[in-house]
Amino acid sequence: MAQGASSTAFDMPTIMRGPEEDVIFRYSWDGPARRADLSVDLPERGKTFHTIVEAPIPIFLRDVHRMVDSSPETILSHEVRSVAFSTEIEPLGPIAALEPDARIATPGGERRISSLNVGDLFLTNGHEPAQIRWVCRQDLPARGRFSPLRLRSPFYGLHTDLIVAPDQRLLLSGSEVEYLFGEEQVSATAGHLMDGRTIVRGPFASVQSYYQLLLDRPASLIVNGAILESFDPGELAGNRDLIQSSVLRGLPPELVPASYGSALPQLKGFEALTLAH
């Protein structure tokens, strides 16, 4: 970065493979604190890389307008799918992925996810009660990797259409799953399963609110009748510094999971598309 005679440079090693892999870059800066954070998320692999930048050069509002208004003074690579700016320091790592109206099965019946609180009980797909450890909420630009998808009823066991982020994972089972993959149950993202019929794009808006639940143990949720994975902090688990920079910031230290993660096989993109068709 350079402004006039001032310049600064920083780097961070990652395991990015290149243009064939989706990557989310987040850069945030705190002017009074004289500190910036750079993170790289590889959502397909659940990996997050993060570094702190001391005394960063601030970005002027004029430059922000140049970047988002397609100014002739600004060049964006053709590989960039979307760019967004926020007045807040946005969390890094895995994102929330369920619409506010998503209906979660609980011992007392279905409840909107936006009405649930820490300590509330819900039903796992085995219809056993479990407890909510944290409720995640995010407002994200409805573009690129965050573009909402509509899961259409009655597919995937849904009794009502459901809006999710592309990275929301569904649990799939049945004779086709056993035949194709030799497993009783597998996991696949909504983005990989999108076929234009059972899962379609939309609704179209500028910003989409998403929620997700961190549970007291790895378990799945019954949402609008479908079986979905709950929030998986991945490698954030056990790392309190990263937790406090993520959507789980504010989570009391005693509730930070030491380990987490689903034991189910996760389908790759071409495998999920084969199953969807």
Side-chain angles (χ1 to χ4, degrees), residues 22 43-44 81-82 94-117 120-127 130 132 135-177 185-215 219-232 247 262 264 266-267 269 271-277:
D22 274 2
E44 298 289 344
R81 295 172 59 188
S82 65
I95 66 167
L98 295 173
E99 65 168 326
D101 287 333
R103 301 281 176 169
I104 310 297
T106 76
E110 288 189 339
R111 289 180 57 186
R112 296 173 71 244
I113 191 171
S114 56
S115 73
L116 295 173
N117 298 298
D120 286 348
L121 298 179
F122 68 97
L123 294 177
T124 68
N125 66 318
H127 296 279
I132 297 169
V135 180
C136 312
R137 182 187 184 278
Q138 279 181 284
D139 291 327
L140 291 169
R143 298 289 186 276
R145 189 80 191 190
F146 309 133
S147 296
L149 301 178
R150 181 183 296 276
L151 278 60
R152 299 179 62 199
S153 167
F155 304 105
Y156 302 108
L158 291 162
H159 58 66
T160 310
D161 287 5
L162 176 67
I163 307 301
V164 302
D167 287 324
Q168 174 61 55
R169 291 193 168 275
L170 289 75
L171 273 63
L172 309 171
S173 59
S175 57
E176 293 92 347
V177 170
Q185 198 172 51
V186 295
S187 171
T189 66
H192 285 159
L193 291 168
M194 188 181 67
D195 58 2
R197 185 175 68 97
T198 64
I199 300 178
V200 298
R201 294 195 181 278
F204 300 102
S206 297
V207 176
Q208 174 68 41
S209 294
Y210 289 117
Y211 282 76
Q212 191 53 283
L213 304 176
L214 177 70
L215 312 180
S220 53
L221 304 165
I222 305 173
V223 186
N224 291 23
I227 303 175
L228 275 58
E229 285 194 13
S230 59
F231 184 82
D232 183 355
V247 73
S262 171
L264 288 176
Q266 297 184 354
L267 299 187
E271 294 173 323
L273 199 57
T274 299
L275 180 61
H277 284 301

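Throughout, numbering of the chain's residues begins at 1 and tracks the sequence.
In this structure, the side chains of Leu172 and Gln185 stay at 4.5 Å or more apart for every pair of heavy atoms. In this structure, Leu275 and Glu176 have side chains that are in contact, with non-hydrogen atoms separated by less than 4.5 Å.
We find the CE-OG1 distance between Met194 and Thr189 to be 10.0 Å, quoted to the nearest 0.5 Å. Separating the CD atom in Gln266 from the CD atom in Glu229 is a distance of 6.0 Å, to the nearest 0.5 Å. Taking CZ of Arg169 as the start and CG of Leu264 as the end, the distance is 10.0 Å to the nearest 0.5 Å. Annotation: the span from Ser115 atom OG to Arg103 atom CZ amounts to 8.0 Å, rounded to 0.5 Å. Here the straight-line distance linking atom CD1 of Ile199 with atom CG of Asp161 works out to 11.0 Å at 0.5 Å rounding. How far CG of Leu149 is from CD1 of Ile163: 8.5 Å, rounded to the nearest 0.5 Å.
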ask   = Do Leu193 and Thr198 pass the side-chain contact (heavy atoms from CB on, under 4.5 Å) test, and can you show the C-alpha distance, the side-chain angles, and the key distance before you say yes or no?
value = CA-CA 8 Å; Leu193 291 168; Thr198 64; 6.0 Å; no
Please determine whether side-chain contact (heavy atoms from CB on, under 4.5 Å) holds for the pair His192 and Leu267, giving the CA-CA distance in whole Å, both sets of side-chain angles, and the decisive distance to 0.1 Å.
CA-CA 9 Å; His192 285 159; Leu267 299 187; over 6 Å; no
Requested in this report: For Leu213 and Val135, run side-chain contact (heavy atoms from CB on, under 4.5 Å): C-alpha distance rounded to whole Å, both residues' side-chain angles, the deciding distance at 0.1 Å, then the answer.
Outcome: CA-CA 5 Å; Leu213 304 176; Val135 180; 3.9 Å; yes
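The only member of Ile104, Val223, Ile113 that meets side chain to side chain contact (heavy atoms under 4.5 Å, CB included) when paired with Phe122 is Ile104.
Among residue pairs with one or both ends in residues 202-211, none qualify as salt bridge (charged side-chain N to carboxylate O under 4.0 Å, His left out); sequence neighbours excluded.
If you check the side chains of Gln138 and Gln212, you find no donor sitting under 3.5 Å from an acceptor.
Closest non-hydrogen pair, Leu158 versus Ser153, comes out as O-OG, 3.1 Å. The two atoms that bring Pro203 and Pro148 nearest to each other are O-CG, 3.2 Å, heavy atoms only. Scanning both residues, Ile222 and Thr124, for their nearest heavy atoms gives CD1-O, 3.4 Å. The shortest non-hydrogen separation linking Leu140 to Ile95 is CD1-CD1, 3.8 Å. Here the closest heavy-atom approach between residue Ser206 and residue Arg143 is recorded as CA-NH1, 4.2 Å. The nearest pair of heavy atoms linking Arg137 to Ser209 is NH2-OG, 3.6 Å.
The backbone N or O of Phe146 lies less than 3.5 Å from a partner atom in the side chain of Tyr210, making a donor-acceptor pair. Remark: side-chain polar atoms of Ser230 are not paired, donor with acceptor, to backbone N or O of Leu221 under 3.5 angstrom. Looking at Asp120, its side chain never comes within 3.5 Å of a backbone N or O of Ile132 through a donor-acceptor pair.
Residues that satisfy the salt bridge (charged side-chain N to carboxylate O under 4.0 Å, His left out) test with Arg201, not counting sequence neighbours, are absent from this structure.
Taking a cutoff of 4.0 Å between a charged side-chain nitrogen and a carboxylate oxygen, Glu99 and Arg150 do not qualify as a salt bridge.
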